[in-house]
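Just the heavy atoms: all of them, side chains too, but no hydrogens, waters or symmetry mates, feed the values below. This chain uses plain numbering: 1 for the first residue, then up along the sequence.
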Amino acid sequence: MACVLTSEVATVLAIMRRNVRWSGGRYAGDELDHPLIAGLKSLRRAVATWDPSRWGDVEPLLYLRPFLDLVRSDEAGAPTTGAALSSLHKILSLDLVGPDAPNVAEAMAAVVEAVTGCRFEVTDLASEEAVLARVLQVLLACVRARAAPALSNRHVCDIVSTCFRVVQQAGTKGELLQRISRQTMHEVVRCVFARLPDIDATAAEDQQIAGSKHQGFSASKMGNGNDSVCLSSSKDEVGGKSGVVQDKAMMDLFGVPCMVEILQFLCSLLNITEGNEVNPGMNAVDFDEDMPLFALGLINSAIEISSSYIHRHPKLLAFVQDELFHNLMQTGLSISPLILSTVSSIIFTLFYHLRQELKLQIEAFFACVILRQSQSRYGATYQQQEVALETIVEFCRQKEFMAEMYMNMDCDLQCSNVFEDLVNILSKSAFSVEVTLSPLNVLSLDGLLAVLQAIAQRTGNSPQHRQQTVEEMREYFPFWQLKCENINDPNQLVRFVNQQKSIKRKLMVGVEHFNTDKKKGFEYLQGAHLLPEKLDPRNVALFFRYTPGLDKNLLGDYLGNHDEFSIQVLHEFSKTFDFKELNLDAALRLFLETFRLPGESQKIQRILEAFSERYYEQSPKLFVNCDATLVLSYSVILLNTDQHNVRVKKKMTEEDFIRNNRHINGGNDLPREFLSEIYYSICKNEIKTIPDQGVGCSEMSFSRWADLMFKSKRSSAYIACHSYPFLDHDMFLIMARPTIAAISVIFGNVEQEENLARCIDGFLSVARLAAFYDLNDVLNDLVVELGKFTILWNTSCDDPATAFGEDSKARMATEALFTIATIHGDHINTGWGTIIDCILRFHKTGLIPACFFNDTADDQEPSSASLPSRISAPYPAASQVMPVSTPKKTYGLMGRFSQLLYLDTEERKFQPTEEQLAAQRNASETIKKCQIGTIFTESKFLQADSLLNLARALIQAAGQPQKISSSIDDEDNAVFCLELIITVALSNRDRVVLLWHDVYDHITHIVQSTVTPCNLVEKAVFGLLDIVQRLLPYKENLVDDLLRSLQLILKLDARVADAYCENITQEVTRLVRDNATHIKSQMGWQTIISLLCITARHPDASEACFEALVFIMFEGSHLSPANFVLSVEASRQFAESRLGSAERSIHALNLMAESVNCLTRWSHEIKEASGEAARMLEGINEMWLQLIQALRKMCTDQREEVRNHALLLLHKCLVVDGISVSSSAWLMSFDIVFQLLDELLDIAQTSSPKDFRNMEVSLMHAVKLLFKLFLQSLNDLSAQSSFSKLWLEVLDMMEKLMKVKVRGSRTEKLQEAITEQLKNILLVMKASGILSKKSTSGDSSLWEATWLQVSNIAPLLHSVIFPGNDGDDAAQSTQDKLDISAVSEGRLVSVK
């Protein structure tokens, strides 16, 4: 320490001796040295005597005073003063002055006072600048030193004031000093505000902060003589000596008061051109921009360091909330983009640290500064718009910013919709006025993407969205004062915010109604419970006061009305204003800004009376009564009109205004200064009696700011978001569509890969959020918008495939589109149409291979592995890519031959270039990445609504069938769409019911509209068969509908059916083999067997169909009551068909005959079961009769072997045991046999023997069949009343047979057979007692009728059967008893 001081003293003395004044000789009187030199020498001697170990006990003034005396001396030159300042700087920098040193505060005060009052002679410009630089160094060292806390508030302000005076003076000096001075002042401010964390908030609160608006820093020009410099000037000190110096707070230790004074001084610099003269000798830097920028830089430095701790100090916070923020906003409206940028940076820092304390201020900043500066309609230049947008984007990059704006502003009844306004600005700025994009457009994209990214990050860790419903208001309550009880409870907070937003939306609707018709407006508000059923003046006044967007003309007229209710509303309205601490003109400005003052004098009178009462109530000290306030208010309005109406030529002077207001205050005059202040305020700033309408970006006047500060004291607390995702749904819903439109505009105009990728990220982010929040309409709009940039972009290109490969924008859009379709397909509805159009376009251009949908093996189930492999299969190599130009399709032999020749010449002539091959490879790679096939094969994971819309989009894209055939391309698209439809149906077998109606209708239209074979109808028919084949095993409830759909095949045009008959048969056969067990209903079997029957006469298809029929009927494995009759009839048709051999017909007959075993088995099962057995047996009887009838028809077949075999099988079926045949069924079977015999008789008598050979044998089989049938049914029918009639019909038929002539003559064999069979029947009837002369009933008519008929057939039978006279004796002997069963089996019985 001693060495340092000794060295510094020696240095200063050496410099002083270079001057003649200090070089030698006596000074004055007996003094050998000048007092300044003597002081230095004395210090050097004293230092040698001080104990180094007790250096801390030495008072700093002892070793500082000699240097300070030099600094203050007028006699010292610049070199000497500079040396002394250097010594002081060294002492302070080395912390020789410790914070615990004796009287350290006095020492630090002395240093500051000496340096700030520094005087020296100017010898040259360079030395002057050097001294000023050292002054700055010392002042900076004072606030940096460890002893800096010992400084008082006044001395800190002096340091800042002196630094600023140096900055001012440096304006006429060299550039180096300018830079040093400004940098030093920045460092001083940083050091001062860096102390804020160390200041005790409680102690600071006890201090009374000095300074009012007239007690601040002065930015006057610096005093500058010709040959000397003095840094001491009373008018440059903080607050001046008349104010701040005498203030106790400023004499306290370094704390909050000096910080407030510094900020207040810096705020005054923002408007320095208004109240200060600019030194004409300053440099060429534009002072209008330079000084505000310098002040803003200092403010920024202060805020950056201290913003985290400002909220601990209420007085400092109050200054930031009020004066600082207001000045920043006013400065932000500057035409300088640099000023706006700096202001925005400061506001951003304040927002980051103090947003919970600056709710309404932040709203005002965006509404009155940023929104105005970002729109050219308010006069903003391009540079201002760019800076404003940059500010918005920077705020949007804060993840919670937009969420907090929506929660605190948009959902607050008394705040504007900041979130919506910012989103609208960003989206509108994306639309370029010029042909090319500007940085503004890209900036808007950045902002929108930042908001989307923030929402996506919040939703990433949150559960699936569950939108809370807002409970409707059922009755009116004072919602204006409604506040959330617990903002820390997310559920309660979200309910409150949603309720507020709902009320706000209804209020906006009410405003629209009110602006149209006041009565309808009130009715709506009462219906929505936003006003009580009985209107209350207080609530109506609150609606007028706090609801934005009201028509101010209507509002002024209403408030000025003379009815009692309107007057009450007017007075309640005036009570909502806080006029405390406002001058009368400022209060009047604030009052009249909320509505338009009407033109009628009586309305003006009532309005000003209400205003005067409220103003007098809150400011009673100046006026003796309310009338004085009213008179002065009138006078102010008249003055305002006089000064700002162009038609008034002679303007009122200050004296006129004062004279007009004499004796108005209870007979006394108001203070002249008060009236003068009002006069000049009105002259300078007009009171706008026609205020801005609506909620636009109006300017922030002083009165509006005063009102804002009044509202801020009562507004709801600012709610920090803390990554809450609860309101993101509503936010995204508001911004989704404008964002889509904005990104689309930029994507359509930008060419850089980076910007294109960002746009794609934006599209995908919108898609993810829309899917997350189930906003299907938004996602559909996005798909439609994105589809415009895919291959659908350019439809007029000759080679769309190559053009697509060369267009990176189209490829990127395509990948994004199909990524959305694959990932978020659940939420796409109407958007499927765009996706399908894009796929069809790819298909048409050949980018999707022709083998895209080959039929899979019949035994394979549709899987996601089969179709995607074909979809995503690599495109052919470049060397295999076909030339771009290909000939059109032609038909016919010569056409195909010419086509081959054409291709040969084209391949040689139009080989693709390397660029085209590369483009085609790019296109194929893009299609591969899109994985188009997974959309359809994985459609089973789609939600029902989305799946249905996908199917309908495919159907719509396929077109109307009658129009498809108009061109080959249309048919190709229709076929492709149909393949996709079938794929979707097969992939959704578990819910095919949802799709079936639309799919079936589409296939029906195709089948019914096609009259010639073509690919479309082929795909429709076999696709339908494939659907039925694959779905039958899994959809029991849909089996009938599926099988009924196959009836469409029966409706095919004959030419179409003939072309595909063989393949249809194969598919139906496969269907039967695989799914016979799943077909239960009669309708289903009817459809299947009908398909089999129509092919029975087709030469290529009948054999396969017969195999299917054999599969059904063989051993009755798949026969059931539902298909028995149908199968029998089908077998009959195949037996009847001549396409096959006779062996196939006999096989068919055997199938029919074997089916009777099923009837036997079913009868046995019915007997064992209980329930409706009678009805079931009746059904079996019916089926048995149908079988008999079918066999009867085959008994007249032209082929002998088939005919006779049918007769034998009919015989077998008629006498089968195990079937409980009813009497009615027996009778009906006789009718069938009688019909058969009649037909055989007719054939035998009329047909050519060449056509029907050996009819005699067939007749003999028929006769035996009749007699066996009679004997089989005799026991069941003999007791029936109709037996006699039946018996006589049998005898009558025998008589016909006895008389029949075959080949022109009667056959003896037939007659013998008839006689023998008749004899056996008569013997059986005799033995059973049925045929006797006297029956048990006493009726002898049967006896007589029988023998009458028998006598015509075989007269000798009577004597053979009854050899005696009495027919009854024939039954006496047991030998005469016959074995009826033996007779029925055909064994001849002899009678002895």
Side-chain angles (χ1 to χ4, degrees), residues 1029 1032 1039 1043 1046 1064-1098 1101-1166 1176 1179-1195 1197 1201-1202 1205-1214 1216 1218-1219:
Q1029 163 76 12
L1032 276 180
V1039 168
L1043 294 174
L1046 295 180
I1064 291 174
T1065 301
Q1066 294 175 357
E1067 291 297 320
V1068 174
T1069 301
R1070 186 162 66 94
L1071 175 66
V1072 171
R1073 288 183 179 276
D1074 295 343
N1075 300 284
T1077 56
H1078 302 292
I1079 306 174
K1080 307 292 185 181
S1081 68
Q1082 183 178 4
M1083 187 282 304
W1085 278 112
Q1086 182 178 5
T1087 303
I1088 294 296
I1089 293 176
S1090 297
L1091 289 172
L1092 297 176
C1093 290
I1094 62 171
T1095 60
R1097 293 176 176 81
H1098 195 280
S1102 62
E1103 203 60 41
C1105 281
F1106 183 69
E1107 291 178 5
L1109 185 63
V1110 172
F1111 175 80
I1112 296 171
M1113 299 186 68
F1114 183 71
E1115 296 182 354
S1117 57
H1118 296 292
L1119 282 177
S1120 67
N1123 68 355
F1124 183 86
V1125 174
L1126 298 169
S1127 300
V1128 168
E1129 179 61 22
S1131 295
R1132 183 196 66 78
Q1133 293 186 26
F1134 277 98
E1136 197 177 59
S1137 175
R1138 297 295 185 90
L1139 292 178
S1141 62
E1143 287 77 7
R1144 193 183 78 174
S1145 297
I1146 292 173
H1147 191 183
L1149 291 173
N1150 291 334
L1151 291 175
M1152 295 169 65
E1154 291 172 1
S1155 66
V1156 76
N1157 297 329
C1158 293
L1159 298 179
T1160 303
R1161 184 175 72 251
W1162 296 340
S1163 297
H1164 178 71
E1165 293 172 355
I1166 290 173
M1176 295 180 182
I1180 292 176
N1181 279 216
E1182 180 66 26
M1183 288 185 281
W1184 177 71
L1185 289 172
Q1186 293 288 345
L1187 174 62
I1188 299 303
Q1189 185 71 269
L1191 286 171
R1192 177 201 67 77
K1193 294 179 181 179
M1194 291 306 302
C1195 291
D1197 193 87
E1201 63 273 27
V1202 175
H1205 192 71
L1207 286 167
L1208 292 174
L1209 294 177
L1210 180 59
H1211 176 200
K1212 177 183 176 182
C1213 292
L1214 285 172
V1216 67
I1219 300 178

Looking at residues at least two apart in the chain, or sitting in another chain, which of them share a side-chain contact (heavy atoms from CB on, under 4.5 Å) with [X]?
X: E1107; value: R1073
X: I1112; value: V1072, W1085, L1092, H1118, L1119, N1123, S1127
X: V1202; value: A1142, S1145, I1146, L1149, M1194, D1197, R1199
X: E1103; value: R1144

Report summary line: In this structure, CG of L1071 is separated from CG of L1043 (nearest 0.5 Å) by 7.0 Å

Query - Distance, nearest 0.5 Å, that separates CG of N1150 from CE of M1113 - result: 10.5 Å

Results of side chain to side chain donor-acceptor pair (under 3.5 Å) for [X] - residues two or more places apart only:
X: Q1086; answer: none
X: T1077; answer: none
X: T1065; answer: none

Name each donor-acceptor pair under 3.5 Å that joins a side chain in residues 1151-1160 to protein atoms two or more places apart or in another chain, with its distance.
unit_1, atom_1, unit_2, atom_2, d
S1155, OG, M1152, O, 2.4
N1157, ND2, E1154, O, 3.3
T1160, OG1, V1156, O, 3.1

Report summary line: Applying ring-ring contact (aromatic ring centres under 6.0 Å, His included) to F1106 and not counting sequence neighbours gives F1134, H1147

Report summary line: Hits for ring-ring contact (aromatic ring centres under 6.0 Å, His included) against H1078, two or more places apart or cross-chain, chain-then-number order -> none

Query - Residues which pass salt bridge (charged side-chain N to carboxylate O under 4.0 Å, His left out) with E1136, listed by chain and number, not counting sequence neighbours - result: R1097, R1132

Query raised in the report: Which residue pairs satisfy the salt bridge (Lys or Arg N to Asp or Glu O under 4.0 Å) criterion with at least one member in residues 1080-1089, sequence neighbours excluded?
Result: none

